Number of protein chains: 2
Amino acid sequence: MSNFSTISQASRFTDVSNLSDNAWRQHGSLWSNLRQVCELLSIPAPVTVDDEDTLFQHVRFKAGQRIHRIGQAFDTLYIVNSGFLKTVHIDEYGNEQVLSFPMKGDLLGIDGIHKQHYASEAIALSDCDIILLPYKAFTSLGRTHVELEQAMFSVMSREIVREQMMISMLSALSAEAKVARFLTNLGERFNQMGYSGRSFNLRMTRQEIGSYLGLTLETVSRTLSALNELGMISVEQREINLLDPVALKTLRRLPPAKARIKVAEKVSALVNKNLLPQWNGELAAAMN
Amino acid sequence: MSNFSTISQASRFTDVSNLSDNAWRQHGSLWSNLRQVCELLSIPAPVTVDDEDTLFQHVRFKAGQRIHRIGQAFDTLYIVNSGFLKTVHIDEYGNEQVLSFPMKGDLLGIDGIHKQHYASEAIALSDCDIILLPYKAFTSLGRTHVELEQAMFSVMSREIVREQMMISMLSALSAEAKVARFLTNLGERFNQMGYSGRSFNLRMTRQEIGSYLGLTLETVSRTLSALNELGMISVEQREINLLDPVALKTLRRLPPAKARIKVAEKVSALVNKNLLPQWNGELAAAMN
DNA sequence: CGTTTGATTGATATCGCTCAACTTTCGTGG
DNA sequence: CCACGAAAGTTGAGCGATATCAATCAAACG
């Protein structure tokens, strides 16, 4: 912060005066250098770069604010430094389709490169701290730092792979499997961020989860209740505990409702006997 | 072809001796220059480039052959010059999930950049002519030709947008709408390639369409029959005619089976009276 | 507080899957 | 060229997973 006033104005990318109205609301005066940006994206930082050479501005968004809108002219990429968001697509009838739940380290706005207009909308689910990467400036940096360009390709490729996995999941899995995977994926991401991957709380509504997974909110709610009954997780509102991550990860589909009752009884029997710290996989095996 | 022998070996990317066994089978001796490659991808060609400076080799694949495999070390991108393919993902239980149906002008292998191993598998559905773009050489070209690097980002962004649309479609649409959109999308792509977008034949099985759309092959077959009954398309095996593209594009869901019979009767009445060259949209309106 | 938004749960409808029989097409070798 | 088998496609019957509609409950919030 002390070095803030020592930086020449010309060296800072993104003049705040270019920002859309929403972005104005609340912006701290934080700046990050290229090294910090690379670390956030978990890509190798160019060794050749002077830390104070190029700085990227942070902007704060409050829950509910939009980072960018569909159709808005594209000129900057965004990195999430803290907070939680959703990206959505609005179809021709105005229905909202959730595409992703970005969080720390994720890159936003890539879909705007192609047509030079954002193809999706990013909305803060909590207060967020976002780093602005003016696209032009960033790619010209890539030309002087080869590793950076490679990293950019790599990040975009990763996004493509992620979406491929999403497509597979949507078209092949049952509702239970979708919800179970959603939870374990979230857990893994929290882990990577240094938080607990077993115990966390959801930042999104059942409605948003359902949209993301191609299910109705009722089905999401029922499925969470069922996984709770089975002892694989515990849920209370948005508070989640993954009790049997192994079973969750390998779950394909729940046994039919009648059989499920038996399993649930077996579970509660175990609970009553105070056996049940971590009986991982037992259920998973019981239900192919 | 005549200029083939005049090109110094050093200027040609991709020594054939590096290719996997499958790629060996049948390769013509065609080469394309950068200008041709850019045209195929419909991106602006760098003005600064010498046409004979850099050449990219073509390789021919027979129907059924694999262009690349999952897990195989990544080192080259592929452009489809002619022919039809599918890309698939194999899940942990060996089930095949179709991800896309690449054709002329499409870029393959992008998903390999991230982990330096292909994340999907590309298989020829017909005899294909594929251009090899050795990744390293191609990106280093991008460094000397700025427009090329931009174009690469643009193509990857386009792919991300395409997958986003796919996700929306998979999680929001009914079976009928999926199939209807699949057909109109195919038609539009054939149009762009200069073929008829109304009359074409499918290069893939019902099974593959179903996998792509998250449906069973039976549902695909039944839906095609239903659209045929309604006069929106005509189908016979893999021969498709789009009779009412407008209705197809806006179709959300078919009316319930009983109501459908009435509509079908109405249609056949029209047919019998020999009214029905192009009654576009009438049905679309009849079924919200 | 009262109001609003989100979550849970139940009853019922229905879309798409599964299983199965049959037909058609196509490739291959006698 | 035909015969055969394999693969692809069609169609039907029945069922089950998920959506829809609706009522209630809990939490958030001014």
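Please read these numbers as outputs of a predicted model, since none were measured by experiment. Note on naming: letters A, B, ... go to the chains in the order of the sequence lines (proteins, then strands), and numbering restarts at 1 for each one.
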Counting only distance, no hydrogens or angles, is the base of dT20(D) paired donor-acceptor with the side chain of Arg222(A) under 3.5 Å?
yes
Whole angstrom is fine here: how far is it from CD in Glu208(A) over to C1' in dA7(C)?
13 Å
Would you check if the side chain of Asp91(B) reaches a backbone N or O of Tyr93(B) as a donor-acceptor pair within less than 3.5 Å?
yes
Sugar-phosphate only, base, or nothing, as touched by Thr216(A) at under 4.0 Å among non-hydrogen atoms
base
Is Asp129(B) salt-bridged to Lys104(B), cutoff N-O under 4.0 Å?
no
For dT8(C), does either OP1 or OP2 sit under 4.0 Å from a side-chain N or O belonging to Ser221(A)?
yes
When the distance from CD of Gln207(B) to P of dT18(C) is rounded to whole Å, what number comes out?
11 Å
With a 3.5 Å distance limit and no angle check, can you tell me whether Arg60(A) reaches the backbone of His58(A) through a side-chain donor-acceptor pair?
no
In whole angstrom, what separates Lys178(B)'s NZ from dC15(C)'s P?
14 Å
Think Thr219(B) has a side-chain N or O under 4.0 angstrom from the OP1 or OP2 of dC15(C)?
no
Ionic contact status for Glu163(B) with Arg162(A), cut-off 4.0 Å:
no
Ionic contact status for Glu96(A) with Lys86(A), cut-off 4.0 Å:
yes
Measure the distance from CD on Glu176(B) to C1' on dC17(C) and round it to the nearest whole Å.
14 Å
Round to a whole Å and report the spacing from CD of Glu239(B) to P of dT10(D).
13 Å
Estimated bend of the helix from dC1(C)-dG30(D) to dG30(C)-dC1(D) (axis per five terminal pairs, rounded to 10 degrees)
50°
Using only heavy-atom distances, determine whether the side chains of Ser199(B) and Asn241(B) contain a donor-acceptor pair under 3.5 Å.
yes
Phosphate oxygens OP1/OP2 of dT5(C): is one of them under 4.0 Å from a side-chain N or O of Thr205(A)?
no
Nearest-Å distance for atom pair CZ/P, residues Arg206(B) and dT24(C):
15 Å
Leu227(A) CG to dA7(C) P: how many Å, rounded?
16 Å
Can you figure out which of dT10(D), dT8(C), dG6(C) approaches the side chain of Arg238(A) most closely?
dG6(C)
Taken to the nearest whole Å, CG/Leu217(A) to P/dT9(C) is 13 Å
Note: Glu92(B)-Arg181(A) ion pair, threshold 4.0 Å (strictly below):
yes
At under 4.0 Å between heavy atoms, what does Gly214(B) touch on the DNA or RNA strands: base, sugar-phosphate, or nothing?
sugar-phosphate
Check: Thr219(A) side chain, Leu215(A) main-chain N or O, donor-acceptor pair, under 3.5 Å:
no
With sugar-phosphate taken as primed atoms, P, OP1 and OP2 and all else as base, the protein-contact string of nucleotides 22-30 of chain D at under 4.0 Å (heavy atoms; B, S, -) is -----S---
Of the non-hydrogen atoms in Leu183(A) and Phe200(A), which two are nearest, and what is the gap between them?
O-CZ, 3.8 Å
What about the rings of Tyr212(B) and Phe182(B), do their centers lie closer together than 6.0 Å?
yes
